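To start, the structure under review is shown below, and the notes come after it.
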Amino acid sequence: MSSPDTIDVLIVGGGPAGLSAALYLGRARRSVWVVDAGQPRHAVSEGVHNFLTRDGLPPAALREEAWAQMKPYTSVRAYSARVEGLEGPSDASQSWRAHLSDGVHVRARAVLLATGVIDEHPKIPGFQEKWGHSIHHCPYCHGFELRDRPLALLAEGEMIQHMAPLLLNWSQDLVVLSHGQRLDGEVQDELRKREIPLHSAPVTSLEGPGRELARIRLEDGTTIERAGLFVQAKQRQVPLVAGLDLTLDEHGFVAVDAMASTGRPMLWAAGDLTSRFQQVVMAASQGAVAAGAINGALSAR
């Protein structure tokens with residue numbers, strides 16, 4: 001089953017990047033479908049932070065408000081499904097064809113990928129229950145709520161050098177967990193210089209009532225009382241994006257230019273799938289940039 005006509009823009013993903021782009025494109029009077037399966041990655045978070053005028057707003061409320069403000073722009077449609085396949089044109093004069101999970105096929109003159117990424121969490125008992133509440137990956141997003149409390153960082157070499165000094169801004173009571181990974185001398189020297197304790201034994205459990213972290217147990221029998229844990233979240237692209245044979249950067253993120261173009265004809269990407277610096281406000285900004293570039297490209301055809 002196909003959509004009636006070729007639309008201007010298909011946006012894959014209804015998070016901050018996708019919704020920001022939809023708003024821009026709706027105001028530009030473009031026909032837009034925002035296709036989203038309703039399983040946002042940041043749903044477990046208790047609040048959006050560092051977004052001017054929206055600090056602390058629950059993620060679901062941010063989406064609801066976005067769609068409420070989208071009502072005047074009747075050319076923008078929310079469509080509940082998953083994009084399971086994309087067939088790209090050989091040049092910019094042709095359309096993309098999307099295959100949706102409900103059997104619908106959509107043709108679009110341009111596509112914006114705003115899918116986010118998939119987090120690969122360590123398989124440690126207690127992790128999933130506390131993720132997004134007392135376990136986080138971004139201190140800018142959640143460090144303030146854990147300020148001056150005993151914290152831990154679970155990461156590998158390069159990220160330890162980056163994250164450990166940052167976390168000292170929120171708490172001087174910090175320990176580093178390498179989870180059985182051997183750290184090189186430079187990283188260990190940096191921790192010693194800053195007087196940050198290092199525990200190398202693997203983590204065996206994360207304990208505490210409900211969503212709260214109270215203690216961390218290690219394989220060597222050590223128990224560490226902690227109120228918060230920051231982790232290096234390993235990430236991968238969603239299957240749809242991984243199957244498009246796009247150029248990725250050294251960290252596995254989709255490589256885009258200053259206007260969010262992937263280099264493929266009429267295909268843009270914005271948000272967390274393009275950057276290690278994953279902030280709601282940054283994703284929204286990138287969605288706006290992409291929308292401007294898309295509208296410009298469509299106008300020039």
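Computed from a predicted structure; not experimentally measured.
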Shortest non-hydrogen contact between [X] and [Y], atoms and distance:
X: A21; Y: L112; answer: CB-CD2, 3.3 Å
X: M70; Y: L19; answer: CE-O, 3.8 Å
X: L154; Y: P122; answer: CD2-CG, 4.4 Å
X: V280; Y: L62; answer: CG1-CD2, 3.9 Å
X: L151; Y: R226; answer: O-NH1, 2.7 Å
X: L273; Y: V117; answer: CA-CG1, 3.5 Å

With a 3.5 Å cut-off and no angle check, do the side chains of [X] and [Y] form a donor-acceptor pair?
X: R97; Y: T6; value: no
X: T223; Y: R215; value: no
X: E212; Y: H133; value: no

Please work out whether the ring planes of H142 and H49 are parallel, tilted or perpendicular, with thresholds of 30° and 60°. perpendicular
Indicate the ring-plane relationship of F127 and W131, choosing parallel, tilted or perpendicular according to the 30° and 60° boundaries.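 Ring orientation of F127 relative to W131: parallel.
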Quick one: does any side-chain atom of [X] pair with a main-chain N or O of [Y] as donor and acceptor, under 3.5 Å?
X: Q237; Y: A242; result: no
X: S171; Y: R149; result: yes
X: R82; Y: G38; result: no
X: K130; Y: I135; result: no
X: S134; Y: R211; result: yes
X: D119; Y: Q235; result: no
X: T274; Y: G271; result: yes
X: E195; Y: L191; result: no
X: D8; Y: S31; result: yes
X: S45; Y: G47; result: yes

Ring of W170, cation from R147 - is the NZ or CZ under 6.0 Å from the centre and inside 45° of the axis? no
With salt bridge (Lys or Arg N to Asp or Glu O under 4.0 Å) as the test, would you mind laying out the steps for E87 and R107 before giving the verdict? CA-CA 10 Å; E87 295 178 17; R107 290 191 178 276; over 6 Å; no
Start with the C-alpha gap between V12 and D36, add the side-chain angles, then the distance that decides, and say whether side-chain contact (heavy atoms from CB on, under 4.5 Å) holds. CA-CA 7 Å; V12 187; D36 186 270; over 6 Å; no
side-chain hydrogen bond (donor to acceptor under 3.5 Å, both in side chains) involving Q181 - partner list, sequence neighbours excluded: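 Testing Q181 for side-chain hydrogen bond (donor to acceptor under 3.5 Å, both in side chains), a comparison that skips the adjacent residues, returns none.
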Who passes side-chain hydrogen bond (donor to acceptor under 3.5 Å, both in side chains) against E129, sequence neighbours left out?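 E129 satisfies side-chain hydrogen bond (donor to acceptor under 3.5 Å, both in side chains) with no other residue.
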Can you name the residues that form a side-chain contact (heavy atoms from CB on, under 4.5 Å) with [X], not counting sequence neighbours?
X: N169; result: L166
X: R301; result: R109, M266, L298
X: M282; result: F277, Q279, Q286
X: D184; result: E186, V187

Is the distance between the ring centroids of W67 and Y73 under 6.0 Å?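 So the answer is no for these two rings.
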Reported CG-to-OG distance for the pair L25 and S75, which is rounded to 0.5 angstrom: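 Going from CG on L25 over to OG on S75, the span is 8.5 Å.
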Check for me, please, whether I11 and L86 land in the same ILVMFWY cluster - side-chain distances under 4.5 Å, paths through other members count. yes
